[in-house]
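A short worksheet on the structure shown next.
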Amino acid sequence: MDTADEILAEHGTDGLRVLVMTLAAWATAQIGHVSELSGRTHEAVLDAMELACLEAGAEE
């Protein structure tokens, strides 16, 4: 959040959009790599990530 705040302050909403798009592209590529390496579909990888988030939230 600190990084996003700094980018917003220095570059405005356009800079924040660039950050979001860059992170989204990176995340998409990483999901593809995990899918390929694990032999699972993209959907299966995303389901596992969602389940992990739900389980982490249940502990709080």
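Below, each value reflects all heavy atoms present in this structure, side chains not excepted, and no hydrogens, waters or symmetry copies. When a residue number appears, it is its place in the shown sequence, counting from 1.
Summarising the geometry, atom CG belonging to Asp47 is positioned 7.5 Å from atom OG1 belonging to Thr41; distances are rounded to the nearest 0.5 Å. Distance check, rounded to the nearest 0.5 Å: CG of Leu8 to OG1 of Thr13 gives 7.5 Å. The structure places CG of Asp2 at 11.5 Å from CD1 of Ile7, a figure rounded to the nearest 0.5 Å. To the nearest 0.5 Å, atom CE of residue Met21 and atom CG of residue Leu16 are 12.5 Å apart. To the nearest 0.5 Å, atoms CG (Leu46) and CG (Leu51) are separated by 12.5 Å. Rounded to the nearest 0.5 Å, atoms CD (Gln30) and CG (Leu37) are 9.5 Å apart.
The number of heavy atoms from other shown groups lying within 6.0 Å of CD (Glu36) does not exceed 12.
Between Thr22 and Leu19 the shortest side-chain heavy-atom distance does not fall below 4.5 Å.
The two residues Ile31 and Met49 come nearest to each other via the heavy atoms CG1-SD, 4.2 Å. Looking at every heavy atom in both residues, Gly32 comes nearest to His42 through CA-NE2, 3.6 Å. The two residues Arg40 and Ala44 come nearest to each other via the heavy atoms CB-CB, 3.9 Å.
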